[in-house]
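Just below is one structure, and these are the notes that go with it.
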Number of protein chains: 2
Amino acid sequence: MKTDCHNCPLRKLDLFDPMSKDEVHFMSKFKTGEFVAQPGTEILAEGASSSQLYTALDGMGLRFKTLENGSRQVVGFILPGDFIGLQSGVMGEMQHSVEATTRMTMCVFNRSELWDLFKYQPRRAFDLTHVAATEEYLLGEALAAVGQMDGYAKISWVLNRFFRRLTALGLNENDQVPLPYRQQDIADAMGLSLVHTNKTLAKLREDGVATWANDTLTVHRPKMLAENAFERGTRLRTRPLI
Amino acid sequence: MKTDCHNCPLRKLDLFDPMSKDEVHFMSKFKTGEFVAQPGTEILAEGASSSQLYTALDGMGLRFKTLENGSRQVVGFILPGDFIGLQSGVMGEMQHSVEATTRMTMCVFNRSELWDLFKYQPRRAFDLTHVAATEEYLLGEALAAVGQMDGYAKISWVLNRFFRRLTALGLNENDQVPLPYRQQDIADAMGLSLVHTNKTLAKLREDGVATWANDTLTVHRPKMLAENAFERGTRLRTRPLI
DNA sequence: TTCCTGCTATGTCACAGTTAAATGCGGACC
DNA sequence: GGTCCGCATTTAACTGTGACATAGCAGGAA
């Protein structure tokens, strides 16, 4: 049951830049298939080279690095529309692992055809560079949060980030968004211990700012959450969809 | 005193991927000038759009973000060969500020000609995406260090990272490399306080692993420093020069 | 129905790291 | 030569966070 690029549900969202007919046509040829990954599936492995690149169509996942001391740093959360495997595509080797958290459906592209994209579709190549720069920006934001905030601000920051991203994906119903991750995932993203993350989430709940339970994040006070996280403005920037 | 691309001193280094005659020729046309920045100069500002992009030819600088609470997160250290302003070039707006730490000489490119590079030089466009992916990788590494290491490992990690990068740039003389940054810069990169950074540097000196004084980093025990930082392998990957 | 596993929740204590303040030193400027 | 500034260093007091232990709950498997 392949999702036709011409009928891609993500393209309808304001979050993603519009695509020309020519670009859509090229992408429908560039796309070689769909891949459905079950929860826990390792989609890409750190240090490995992959012949496939992906766009997440549905479902959620994680990007993480494993340190030599065994600890895990989550370097990103994959949501619909995210591109997966760029590092393998241009550097030849993934610098982080990717794992499905829920059942995920992904559009599949062959790495061997990436060069054709650069040769024949400079606008798409430019968009790919834009996606890479966006990833860099998101990592910079995360580094700033992890490096300069205390636990309460960190948890506020990550929940606020999820809330905004999931809202922009049209997944917000009455200030509730799906959040199927574990507390350990958030802890490993923010550089906190599991216990401290749990206690901080309890504090946010007790303060009436946000509640995370049963794979659902409910934000009672969006402005307060954003302020706790030292977030300027509310607007997420649009970005290209690959 | 313009540096001719055909005689670029950086191109001689093994750290950078070779360039074809056609690529060098294109770059010498793409380059519009040289810019010399004095220490303290703000080269690019967070939130601003710039009409220029740069490659650092000589000298060192910083990339940083400022949080609403006034704290500063250093998100990168600029060394010769680093590309500056990619986010402005593809996203339209810088997500971090760039400041010169020493006197810096930079090759200047016009952002308006970036599109030509994508249209007429797909190999260079591919290299630019590679550079973006490399920045993403470096930020992921930094996030892992800041998020998962204690103070001693963090300082070891950043000094080891400098030692390797500066050695690859041919700046290592008897296990000594120039390091003209302040302790506050390192503290803001690793998410530590200035006092704790100072104490940790003292501990490394006392352990006979590394000494940083008079803008010079001396690594007495490179393997020990790398082990403290949980760094696998010794080899830095080559990358394209823009 | 029972047992096991994974995840969430809570309490207590120790300490790595922060904050505030003071001192020393070297270089630039008058 | 004296003064001022920026940076490095040190000390003391404090606290946010980690480590450890324990308990509860829900869902899946036997």
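Here is how names work: the chains are called A, B, and so on, in the same order as the sequence lines, proteins then strands, and each is numbered from 1. Since this is a predicted model, take the numbers as computed values, not measurements.
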Does a side-chain N-to-carboxylate-O contact under 4.0 Å join B:Asp150 and B:Lys154?
no

Say whether, by atom type as modelled, one donor and one acceptor occur between the side chain of B:Asp185 and the main chain of B:Arg182 under 3.5 angstrom.
yes

Within this structure, what is the CE-to-P distance between B:Met149 and C:dA16, rounded to whole angstrom?
18 Å

When you measure from the side chain of B:Arg103 to the backbone N and O of B:Pro39, does any donor-acceptor pair fall under 3.5 Å?
no

Nearest whole Å is fine: how far is C:dG17 P from B:Lys154 NZ?
7 Å

Check: protein-nucleotides 5-12 of chain D nitrogen or oxygen pairs below 3.5 Å:
| from | atom 1 | to | atom 2 | distance (Å) |
| --- | --- | --- | --- | --- |
| D:dA8 | OP2 | B:Gln183 | N | 3.3 |
| D:dT9 | OP2 | B:Gln183 | NE2 | 2.7 |
| D:dT9 | OP2 | B:Asn198 | ND2 | 2.7 |
| D:dT9 | O5' | B:Asn198 | ND2 | 3.3 |

Taking B:Tyr137 for the side chain and A:Met91 for the main chain, is one N or O donor matched with an acceptor at less than 3.5 Å?
no

Separation of B:Thr102 OG1 from B:Asp215 CG (nearest 0.5 Å)
9.5 Å

Expressed in angstrom and rounded to an integer, what is the separation of B:His196 atom NE2 from D:dT15 atom C1'?
14 Å

Please determine whether a side-chain nitrogen of the Lys or Arg among A:Arg63 and A:Glu99 lies less than 4.0 Å from a carboxylate oxygen of the Asp or Glu.
no

Would you mind reading off the distance between A:Gln148 atom CD and D:dG16 atom P, rounded to a whole angstrom?
17 Å

How long is the line joining CG of A:Asn214 and P of D:dC25, in whole Å?
14 Å

Taking only heavy atoms on the protein side, list every residue of residues 185-192 of chain A lying under 4.0 Å from any atom of DNA chain D, sorted numerically.
A:Gly191, A:Leu192

Could you tell me whether A:Arg239 and A:Asp82 make a salt bridge, using a distance below 4.0 angstrom between a side-chain N and a carboxylate O?
yes

Rounded distance (Å) that lies between atom P of D:dC25 and atom CG of A:Asp215
19 Å

Interatomic spacing from OG1 in A:Thr218 to NE2 in A:His220 - rounded to 0.5 Å:
5.5 Å

